[in-house]
Amino acid sequence: MLHFELIMLKTEELQINIGPQHPSTHGVFRMVVTLDGETIIDLKPVFGYLHRNHEQIAEQNSYLQNMPYTDRLDYFNSMANNHAYAMAVERLAGIAVPERAEYIRVLMVELTRILNHAGALGFLINDMGMWQTQLAFGMREREKILDLFEAASGARLMCNYFRFGGVARDLPPDFVPRLRELLVAMPAFVDELERLLRENEILIQRAEGIGILPKELALAYSVTGPVLRGSGVPYDVRKAEPYSVYDRFDFDVPVGSVGDVYDRFLVRIEEMRQSRRIIEQIIEQLPDAQGGHINPKARQNVRPPVADSYARIESPKGELGFYLVSDGSTRPYRYKVRAPSFINLTPLGDMCRGYKVADVVVILGSIDIVMGEVDR
Amino acid sequence: MTSQIQRGNVVTVERGARGQRVPGGGLLASMAVVWKHWQGSFRKNDSFEKIHGTFTMEYPEERPRLPEAFRNMPILLYDEASGHELCTSCFQCQRICPPQVIHMSQAKDPVTGKALPALTEFVIEYDACMSCGLCAEICPFDAIKMDHAFELATSDHAGLTLHREQLNRPISYYEGIAPNMWAEVKDSAFKKLQGNIKRRPDVIGMAPNLAEKIAARRRELHPPELVAAPAEEAKDVWSAKGGTDGWSAKDATDGWSAKDATDGWSAKDATDGWSAKDAKPGEGRESSAAAEAPPMAGAPAAPLDDKAARLAAIKAKNAAKKAAEAAQLPPAAPQDE
Amino acid sequence: MARLSPAELRERLERDLPGAVVETTPLQISPPPAHGPPPGPYSTDDTLVAPDLLVEAACYLRDQLGYAFLSDLAVVDFLHAGLFELVYRFYHVDGGPALMLKIRVPRANPRVPSLTPRWPGANFHEREALDLFGIIFDGHPYPKRIYMWDEFEGWPMRKDFPRQGDKYIGEDE
């Protein structure tokens, strides 16, 4: 029998760029990867290609003028951005929100969560090489929800729907019937998504055990959202510090056990189901809600007292927070966005170390970033 | 890490044990899902309760049914009955516009120089407008509204800066696209419009393309024995020269000749350049500029109202008196006015 | 762990970490206006910590009090008062409202010890503060700009950064 000796080839480490122009980096995002063969030694994310100086623009605009700009932060989930900003200004200026407006707000954010996860999972599956099958199915459900957003706010993506003290316009009369139709389709959609992908051998090969973020590291890295919950930490802002009317709904918080891409995938599917549950409860409770769609005494050209405030929500990507400092005028003195995608990128290097180049895109897809938020 | 969460549980997602999966079973299940969708795609989806079936809208043969609240670009409204624009140039939309694409200037009374609730110019840069709809929301007179037209692509970049004539639409147009939204504000908008019409002298504030209405209104306000005047449109004529600027004692007596009254203005010019086709972007500006030139030539000589006529007469008398005094007094005497 | 209020936190810090807590003086944010009453001073209930003992105070919050989640590091440029204020926001893992630690550093010499070696989550926050405000974090493993390109000069989010007519942007933009 011949005895083979493994001769170690003398290799060098190669440093390559993934991005910024790349179909799978979720926007203009660059990763400087140090490779040994196909294995990743180190990864450094580089971004700023979509830096639009949002925070400085916001210092020049009045509070209401900033609302359309917040739509464009996480451009996938404009309603969620609006919500966090509206809450921050309301805390700063002491504006109360009527009950019906709160219900409408939560309804919009939960619909946003469903549509974000449908899209995010679609992109993740696309990154794994399954060529937009799931993305197309997800986009179809998104279209239905976007039609609802258009009927309520006037625009599909850049909704600009929230105002200080409520929402801009009340729901049109055909909104709830159409929403009910959609809710009938929703379990079928999520179940089908699971059936399509959960036991799928290709997905399991590409997602199980990839990009593991252990529990302790997850918290130390300040990640939030499905990434944190996928790693096993049951921290959800809607439960940890309930805001708006979330304390009136029953819903579960799904967590993962291992913290790999597969877990985050499953957590997002389960969150879609929980969002649907919340929406059903909203539809039940909405007719009894008091008040109108906006606080009639709320001035939109607010002039808050000299103070600071912070408001955070559980946006579909994580904890989205707005920190505002007011100097008593109609413009914010300091306006800072705590963007979840930005902070969730912190452990990217650690998550990718030791895996192959092909896994980088999958891991990035599982974090679910949006460059509008990362760069602002 | 345990945590007490109210009204719900912490649920660990089930991964399913690796070994118990049927090899290849997952792939077969996936293919079954795709097959079902593929089969369903040959039929049209009739209800959003179902997830199979195509609901592709075959644009441009099929047009989308846009909801009332849909907003694309702003337009200005005018009332067809009276011919007046609803806009009073209050500058609220200009102030609130986040990308600052709205620019306007307010009309001034030709006699007193005071600001009037009417426009002389209104510009929106469509290429930078972000369709946020804040201008329409804040307008106290419901004059600027969001249009539904979205097929605005053009290869002429300058044509995306729209002026007042191109932005004007009759109220019936807006009522057609957003009936419920208009019905909510209709009464208060008309009431405010009536109030504004009263405060607008002459034909200031009328939509410039309604030439017949303007001519009719002018005839109504100034019966023909008083000199029919040039300026077919109370535009830069008045704001540029002002009510009394450009006046001199000489003009006070010269300006009343019948010759000046009709110079530079003819019925032909009244309709040229103001047709409805100019409402499209990119075309209106040149023809309207051409139509403006003749009136402006003869303009500064002849004011319209009889109030203005009286004021002119008083000024002429004062000027004559001052000239007489100046002639009488020695030139060295200092006059502090 | 019990939900602490800012006053209780301050008390604990004064007791357990001597020298960490600094007196909070109200700040005048903007210069008095040309007419009209001047806006009130900016005062806060949150604990103001001495910059040198920041890392110890943060680790005290994490290890002793269980506030293991650093959510946000915001920098506010108080041009008129001549200092930067950094706001560190901590949340408890079981939920509940935040506890803030604030630091004030002079604008002329903004140096702060970096939290990153002990708390990896502060990495990008500190790089952003460096990039946009020019605050130097001593001990940061990778102190490079994060949004602007490396050769960019200037600290864009400072209040005295020229908003127009920069060397990168012409006067007419």
Side-chain angles (χ1 to χ4, degrees), chain A residues 44-53 55-57 59-60 216-224 228 233-242 303 305-308 310 312 319 321-329 333-339 342-347 349-350 374-376, chain C residues 26-30 33 37-44 46 62 68-80 85 87 89 91-98 100 102 116 118-125 127-128 131-132 142 144-150 152 156-159 161 163:
Chain A
K44 283 205 166 16
V46 178
F47 38 82
Y49 295 94
L50 195 53
H51 182 64
R52 295 163 292 181
N53 209 11
E55 297 181 353
Q56 208 179 55
I57 290 177
E59 288 176 10
Q60 324 272 32
E216 304 74 26
L217 262 188
L219 213 48
Y221 271 117
S222 309
V223 297
T224 48
L228 182 66
V233 180
Y235 193 83
D236 183 332
V237 181
R238 298 173 289 173
K239 296 286 193 190
E241 200 186 353
R303 191 185 281 263
V306 178
D308 63 348
Y310 183 77
R312 59 176 187 156
E319 172 191 321
F322 279 79
Y323 179 61
L324 291 172
V325 176
S326 150
D327 60 348
S329 73
Y333 186 80
R334 173 74 168 115
Y335 166 102
K336 178 180 198 293
V337 183
R338 188 254 185 230
F342 178 53
I343 306 302
N344 286 357
L345 281 178
T346 320
D350 274 350
V374 174
D375 290 339
R376 301 190 278 289
Chain C
L27 287 181
Q28 204 61 34
I29 295 189
S30 27
Y42 173 66
S43 56
T44 172
D46 301 312
R62 176 179 62 186
F69 177 41
L70 167 68
S71 164
D72 184 29
L73 161 55
V75 181
V76 190
D77 179 8
F78 289 119
L79 179 63
H80 185 62
E85 186 173 88
V87 181
R89 191 172 299 268
Y91 285 98
H92 198 276
V93 286
D94 292 342
M100 269 76 75
K102 294 192 175 172
T116 309
R118 306 277 292 271
W119 205 318
N123 193 336
F124 281 10
H125 285 123
R127 277 180 70 188
E128 184 189 357
D131 186 11
L132 297 178
Y142 193 61
K144 288 275 191 61
R145 285 188 182 264
I146 201 168
Y147 289 135
M148 311 307 287
W149 59 97
D150 290 333
F152 187 85
M157 281 293 290
R158 286 197 182 183
K159 291 285 181 186
F161 186 77
R163 303 280 163 97

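The shown structure was predicted, so the numbers you read here are calculated from the model rather than taken from an experiment.
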Trainee: Taking the six-membered ring of A:Tyr333 (Phe, Tyr or Trp), confirm whether the NZ or CZ of C:Lys159 is under 6.0 Å from its centre and within 45° of its axis.
Mentor: yes
Trainee: Please classify the contact between A:Ser329 and chain C as side chain, backbone, both or neither, with a heavy-atom cut-off of under 4.5 Å.
Mentor: neither
Trainee: Taking every heavy-atom pair that is under 4.5 Å apart, which of A:Asp308, A:Asn53, A:Ile343 has the most such pairs with chain C?
Mentor: A:Asp308
Trainee: When the ring centroid of C:Phe124 is compared with that of C:Tyr142, is the distance short of 6.0 Å?
Mentor: no
Trainee: Output the distance between atom CG (C:Leu73) and atom CH2 (C:Trp119), rounded to the nearest 0.5 Å.
Mentor: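 So the CG of C:Leu73 and the CH2 of C:Trp119 are separated by 11.5 Å.
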Trainee: When you compare the side chain of A:Thr224 with that of A:Arg338, does any pair of heavy atoms fall below 4.5 Å?
Mentor: yes
Trainee: Heavy-atom cut-off 4.5 Å, strictly under: side chain, backbone, both or neither for A:Tyr49 against chain C?
Mentor: neither
Trainee: I'd like to know which of C:Asp72, C:Val75, C:Thr44, C:Leu70 tops the heavy-atom pair count under 4.5 Å against chain A.
Mentor: C:Asp72
Trainee: With salt bridge (charged side-chain N to carboxylate O under 4.0 Å, His left out) as the criterion, how do C:Asp150 and C:Arg145 come out once you've worked through the C-alpha distance, each side chain's angles and the decisive distance to 0.1 Å?
Mentor: CA-CA 6 Å; C:Asp150 290 333; C:Arg145 285 188 182 264; over 6 Å; no
Trainee: May I ask you to check whether C:Phe78 and C:Tyr42 place their ring centers less than 6.0 Å from one another?
Mentor: yes
Trainee: So what's closer than 4.5 Å to chain C heavy atoms on A:Val237: side chain, backbone, both or neither?
Mentor: neither
Trainee: Please classify the contact between C:Met100 and chain A as side chain, backbone, both or neither, with a heavy-atom cut-off of under 4.5 Å.
Mentor: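 Neither part, no heavy atoms under 4.5 Å.
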Trainee: Pick one of side chain, backbone, both or neither for A:Tyr235, based on which atoms fall under 4.5 Å of a heavy atom in chain C.
Mentor: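 For A:Tyr235, the side chain is the part near chain C, not the backbone.
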Trainee: Distance to the ring centre below 6.0 angstrom and angle to the axis at most 45 degrees; does that hold for A:Arg312 and C:Tyr91?
Mentor: yes
Trainee: Do C:Met157 and A:Gln56 come close enough that some side-chain heavy atom pair is under 4.5 Å?
Mentor: yes
Trainee: Heavy atoms only, distances under 4.5 angstrom: which of A:Gly328, A:Gly48, A:Pro305, A:Ala220 has the most pairs with chain C? Name it, please.
Mentor: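 Looking at each option in turn, the highest pair count goes to A:Ala220.
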Trainee: So which part of A:Val46 gets closer than 4.5 Å to some heavy atom of chain C, the side chain, the backbone, both or neither?
Mentor: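 When you check distances to chain C, no heavy atom of A:Val46 falls under 4.5 Å.
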Trainee: Which region of A:Asp350, side chain (C-beta onward) or backbone (N, CA, C, O), has a non-hydrogen atom less than 4.5 Å from a non-hydrogen atom of chain C, or is it both or neither?
Mentor: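 For A:Asp350, there is no contact with chain C at all, as no heavy atom is under 4.5 Å.
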Trainee: So for A:Ala307, is it side chain, backbone, both, or neither that comes closer than 4.5 Å to the heavy atoms of chain C?
Mentor: backbone
Trainee: What part of C:Asp131 gets closer than 4.5 Å to chain A, counting heavy atoms only: side chain, backbone, both or neither?
Mentor: neither
Trainee: Quick one: what part of A:Phe47 sits under 4.5 Å from any heavy atom of chain C, side chain, backbone, both or neither?
Mentor: both
Trainee: With chain A as the partner, which of C:Gly96, C:Ala122, C:Pro41 has the greatest number of non-hydrogen pairs under 4.5 Å?
Mentor: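 Counting heavy-atom pairs under 4.5 Å, the top option is C:Gly96.
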Trainee: Tell me every residue that passes salt bridge (charged side-chain N to carboxylate O under 4.0 Å, His left out) with A:Arg334, counting only those two or more places apart in sequence or in another chain.
Mentor: A:Glu55
Trainee: Using heavy-atom distances under 4.5 Å, tell me whether C:Arg118 contacts chain A through its side chain, its backbone, both, or neither.
Mentor: neither
Trainee: So, for C:Tyr147 and C:Phe152, is the gap between ring centers shorter than 6.0 Å?
Mentor: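 They do not qualify: ring centres at least 6.0 Å apart.
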Trainee: So what's closer than 4.5 Å to chain C heavy atoms on A:Glu319: side chain, backbone, both or neither?
Mentor: side chain
Trainee: Which answer fits C:Lys144, side chain, backbone, both or neither, if we ask what part of it has an atom under 4.5 Å from a heavy atom of chain A?
Mentor: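 It is neither, since no heavy atom gets under 4.5 Å.
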Trainee: With a 4.5 angstrom heavy-atom cut-off, could you sort out which part of A:Leu228 is near chain C: side chain, backbone, both or neither?
Mentor: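 For A:Leu228, no heavy atom lies under 4.5 Å from chain C.
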Trainee: Measure the NZ-CG distance between C:Lys102 and C:Asp46 for me, rounded to the nearest 0.5 Å.
Mentor: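 Rounded to the nearest 0.5 Å, the NZ-CG separation comes to 4.5 Å.
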Trainee: Keeping the roles fixed (side chain from C:Ser71, backbone from C:Arg89), state whether a donor-acceptor pair exists under 3.5 Å.
Mentor: no
Trainee: Who among A:Val374, A:Val325, A:Asp236, A:Asp375 has the most heavy-atom pairs with chain C under 4.5 Å?
Mentor: A:Asp375
